[in-house]
There are 2 protein chains.
Amino acid sequence: MNTRVTIVDVAARAGVAISSVSSALNNRPGVSEETRKRIVQAAQDLGFVPSLRGRSLSAKRAFAVGLVVHRDPYVLESDPFFGSFIGGIETVLDPRDYALILQMGSEPVETLDRYRSLAANRRVDGVFLSELGVDDPRVPLVRELGLPAIGVNAELDFPMPSVRQGHVEGIRELVAHFARLGHRRLALVTGPHEFIHAGQRRRAWSDAVTAEGLPGGEIVEGDFTYDGGVVAADRLLAGRAASERPTAVMCSNDLSAIGFMARAGELGARVPEDLSVAGFDGIQLGTYVRPTLTTIATTPRLLGLEAARMLLAAVDGERVADVDIEPARLVVRSSTGPAPVLR
Amino acid sequence: MNTRVTIVDVAARAGVAISSVSSALNNRPGVSEETRKRIVQAAQDLGFVPSLRGRSLSAKRAFAVGLVVHRDPYVLESDPFFGSFIGGIETVLDPRDYALILQMGSEPVETLDRYRSLAANRRVDGVFLSELGVDDPRVPLVRELGLPAIGVNAELDFPMPSVRQGHVEGIRELVAHFARLGHRRLALVTGPHEFIHAGQRRRAWSDAVTAEGLPGGEIVEGDFTYDGGVVAADRLLAGRAASERPTAVMCSNDLSAIGFMARAGELGARVPEDLSVAGFDGIQLGTYVRPTLTTIATTPRLLGLEAARMLLAAVDGERVADVDIEPARLVVRSSTGPAPVLR
DNA sequence: TTGAAAGCGTTACCAA
DNA sequence: TTGGTAACGCTTTCAA
């Protein structure tokens with residue numbers, strides 16, 4: 001029973017040549033309707049599933065795409081992005097019988113090697129480039145390797161097709177929200193400057209602050225972790241009189257905002273009475289903590305879905321255009337409120 | 001330049017037959033040391049990388065293994081397990097040129113279909129079975145599909161090789177810790193009963209409580225989420241006088257313990273002064289929240305590493321024995337303390 | 001429309 | 001020890 005049904009068996013049963021079976025089953029022309037039916041029937045009777053390996057060798061395709069996560073396990077551990085992103089990818093891959101190969105490289109160099117070996121043995125037909133860094137070395141690499149790739153939230157001048165979710169709108173909404181609530185002393189906790197999205201969010205923030213006619217305010221660099229939020233809170237709040245503290249802070253992701261809030265409380269700043277805090281991402285945890293976290297909600301699932309669609313198109317040799325999915329929007333919850341009255 | 005170097009090129013350059021190249025490069029006997037050297041040299045000169053597809057077809061192997069996560073994206077989002085688990089798997093797969101195929105099925109039925117299609121087109125040589133349920137339908141399925149599989153934290157009578165990390169020791173340590181601190185009113189927040197590890201932890205808890213000669217205490221079912229912890233806190237604390245509340249609670253994972261602590265605070269129970277809370281897992285977040293979370297620390301990375309090692313052995317046709325890795329141990333932090341004085 | 005045969009790049013078997 | 005050759009299971013080209 002361990003012997004698989006092959007195209008030969010189907011051909012024999014239908015009484016035709018294997019080339020006809022191939023054509024019929026792949027809906028290619030050159031087969032009469034009548035024989036096609038007979039072949040399909042035979043295939044069904046036998047429970048024929050074309051061998052991926054045979055197809056792979058012949059078609060010079062891997063029928064798989066790769067995602068290399070180039071961060072340490074802890075980040076994956078607490079990062080909301082990848083779970084949903086991968087879920088979105090699968091939605092597209094599955095019906096096309098493509099699979100996702102996941103690799104993890106903690107060291108940057110190691111990561112590059114993963115791409116090299118994926119390419120060397122033609123393990124994948126294309127890759128996703130997410131969490132892009134400034135002057136990311138993966139970009140020239142995949143180009144050199146001839147690997148089709150899709151950028152995820154890349155810069156505008158990114159040299160490959162990219163899917164993006166706008167961050168400008170949500171950040172503008174948040175700053176306007178702060179302004180409306182009477183805040184004048186703002187602060188921003190960024191992500192590590194080596195990630196391009198950290199810089200993007202920072203610029204959008206500065207632009208929005210300027211547009212609202214508010215003072216620039218402080219900017220401190222965080223690291224997207226809970227602990228980074230804690231450290232940022234220390235930097236912005238510890239040892240300062242209330243009048244010296246910012247009254248409204250945006251952290252560049254939710255996890256660090258939650259850390260920030262926790263530490264703020266310890267430092268005697270009540271949220272949102274003394275201090276408004278907002279995050280960016282829209283992770284579930286933000287709806288559970290108290291106060292619930294105001295945030296700019298992204299939709300990683302859609303990002304993954306679109307990225308996968310684009311990647312498969314690119315693999316098929318189509319010219320694919322950049323796609324902008326619906327921008328991330330402000331979701332007001334209870335960590336933001338009116339500016340405290342000046343004393 | 002897009003034409004790959006094949007075994008034929010290597011054979012030509014070395015002036016030998018392709019079969020000799022194959023033997024030489026795979027360290028099989030039947031090649032003189034001298035020719036082997038020449039072949040290796042030629043391969044190196046040409047930058048030969050054997051084609052995975054060719055090998056795959058010929059060797060009837062996929063050189064890939066599968067992990068199907070059968071939970072909804074949100075869980076992956078906040079679950080510490082998979083990031084590290086996958087990292088451990090990779091450590092083993094990489095040197096052997098195996099890849100990990102990750103699939104996500106939210107619906108249980110969908111999940112089973114993933115296994116079916118993985119098997120149908122021989123996409124993987126074996127799979128991991130983690131997050132096992134009671135009477136898990138995947139077990140008979142993979143058996144029927146003839147897919148080598150390794151159970152992760154399976155029951156003792158699991159019909160396939162399994163890697164386990166002991167939970168009994170840590171739970172016993174925790175209960176002893178509670179007893180030593182003078183706690184008499186204990187409570188347990190379990191995971192969903194359909195997961196076998198929920199039942200395992202529950203039994204270990206009950207046994208330990210009995211062994212310490214403590215009263216049984218309450219048991220409520222949680223769901224391994226932050227919100228589940230919140231709900232459990234409501235169940236155990238809301239509307240009760242302090243004398244009716246438990247003084248020491250173990251939640252079956254850290255995330256729910258953190259939710260539990262947050263809600264406990266809102267309900268006027270100070271942790272650890274009025275109430276000791278402990279979790280299970282050892283996630284990073286537990287070291288950041290205040291108070292820092294006492295927990296039973298697991299090592300998913302080691303679990304993944306061992307599971308992968310076993311799976312590859314099974315794929316190679318070896319008979320593999322069950323493996324027990326170092327048990328999870330108690331890590332005392334600041335969410336547990338002396339029982340409050342009776343009033 | 002149908003069928004035969006040549007790849008695709010390995011591994012494995014069997015003569016030489 | 002070597003080399004030739006038949007699988008492996010498909011797609012694709014080219015005759016019939």
Side-chain angles (χ1 to χ4, degrees), chain A residues 2-40 42-43 46-64 97 119-123 125 316-317, chain B residues 2-40 42-43 46-64 97-98 119-123 125 315-317:
Chain A
N2 211 355
T3 148
R4 276 173 70 80
V5 176
T6 76
I7 198 171
V8 177
D9 303 319
V10 178
R13 177 163 185 131
V16 298
I18 62 167
S19 51
S20 300
V21 175
S22 179
S23 293
L25 262 29
N26 291 301
N27 291 312
R28 263 193 305 264
V31 185
S32 74
E33 200 43 49
E34 196 248 334
T35 39
R36 181 186 305 273
K37 263 198 189 122
R38 197 149 36 90
I39 290 171
V40 169
L46 266 35
F48 171 66
V49 178
S51 152
L52 200 74
R53 294 171 198 163
R55 293 212 301 151
S56 218
L57 183 60
S58 173
K60 296 170 176 300
R61 283 215 188 186
F63 298 102
D97 259 315
N121 44 43
R122 297 268 204 275
R123 177 71 87 166
D125 297 326
D316 287 339
Chain B
N2 210 353
T3 148
R4 279 173 70 79
V5 176
T6 77
I7 197 172
V8 178
D9 304 319
V10 177
R13 175 161 188 134
V16 298
I18 62 167
S19 51
S20 300
V21 176
S22 179
S23 293
L25 262 30
N26 291 300
N27 292 313
R28 265 192 305 262
V31 185
S32 73
E33 201 43 50
E34 198 250 330
T35 38
R36 182 186 303 272
K37 262 196 189 125
R38 196 148 37 90
I39 290 171
V40 169
L46 266 35
F48 171 65
V49 178
S51 153
L52 199 73
R53 294 170 197 163
R55 292 212 301 152
S56 219
L57 182 60
S58 176
K60 295 170 176 302
R61 283 216 189 185
F63 299 102
D97 259 314
Y98 260 72
N121 43 45
R122 298 268 203 274
R123 176 72 87 166
D125 298 326
V315 166
D316 288 339

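What you are looking at is a predicted structure, and each value in this text was computed from that prediction instead of being measured. Here is the naming used below: chain letters follow the sequence lines, and residue numbers restart at 1 for every chain.
- Residue-level contact check: B:R53 touches neither bases nor backbone, having no heavy atom under 4.0 Å from any strand.
- The residue B:L52 sits apart from the nucleic acid: no heavy atom pair falls under 4.0 Å.
- Rounding to whole angstrom units, CD of residue B:E34 and P of D:dT2 are separated by 8 Å.
- Whole-Å rounding puts the B:I18 CD1 to D:dG3 C1' distance at 10 Å.
- Between the A:R53 side chain and the B:A59 main chain, no donor and acceptor come within less than 3.5 Å of each other.
- If you check every strand for non-hydrogen atoms under 4.0 Å, B:R36 touches nothing.
- Neither OP1 nor OP2 of D:dC10 sits under 4.0 Å from any side-chain N or O of A:S22.
- Heavy atoms of B:V49 sit under 4.0 angstrom from primed sugar atoms or phosphate atoms, though from no base atom.
- Rounded to an integer number of Å, the gap from CG of A:D9 to C1' of D:dC8 is 13 Å.
- Place B:I7 and A:S58 on DNA chain C by their nearest nucleotides, and A:S58 ends up nearer the 5' end.
- Between the P atom of C:dA12 and the CG atom of B:N27 lies a distance of 14 Å, rounded to the nearest Å.
- Residue A:S32 is classed as a sugar-phosphate contact, given heavy-atom separations below 4.0 Å to backbone atoms only.
- Within 4.0 Å (heavy atoms only), A:T35 reaches sugar-phosphate atoms of the nucleic acid but no base atom.
- Residue contacts shown for B:T6 are limited to sugar-phosphate atoms, with no base heavy atom under 4.0 Å away.
- Straight-line distance from the CZ atom of A:R38 to the C1' atom of C:dT1: 12 Å, rounded to whole Å.
- Here B:F63 lies out of heavy-atom contact (under 4.0 Å) with every strand.
- A salt bridge between A:K37 and A:E34 is absent, with no side-chain N of the basic residue lying under 4.0 Å from a carboxylate O of the acidic one.
- Side-chain N/O atoms of A:S19 and base N/O atoms of C:dG3 include a donor-acceptor pair closer than 3.5 Å.
- Across all strands, B:V8 comes closer than 4.0 Å to no nucleic acid atom at all (heavy-atom distances).
- Residue B:G15 is the one, among B:G15 and A:V21, whose nearest nucleotide of DNA chain D lies closer to the 5' end (criterion: closest heavy atom).
- In terms of modelled atom types and a separation under 3.5 Å, the side chain of A:R4 and the main chain of B:A120 share a donor-acceptor contact.
- When the C1' atom of D:dT1 is taken as reference, atom CD of B:E33 falls 13 Å away, rounded to whole Å.
- OP1 or OP2 of C:dG9 has at least one side-chain nitrogen or oxygen of A:K60 nearer than 4.0 Å.
- Rounded to whole Å, atom P of C:dT11 lies 12 Å from atom CZ of B:R61.
- Judged purely by atom type and a 3.5 angstrom limit, A:R123 uses its side chain to pair as donor or acceptor with the backbone of B:D97.
- With rounding to the nearest 0.5 angstrom, the CZ atom of A:R38 is 7.5 Å from the OG atom of A:S32.
- Side-chain contact check for A:S22 and A:R28: at least one donor-acceptor pair (N or O, by modelled atom type) lies under 3.5 Å.
- Between the CG atom of B:L57 and the P atom of D:dC10 there is a distance of 9 Å, rounded to whole Å.
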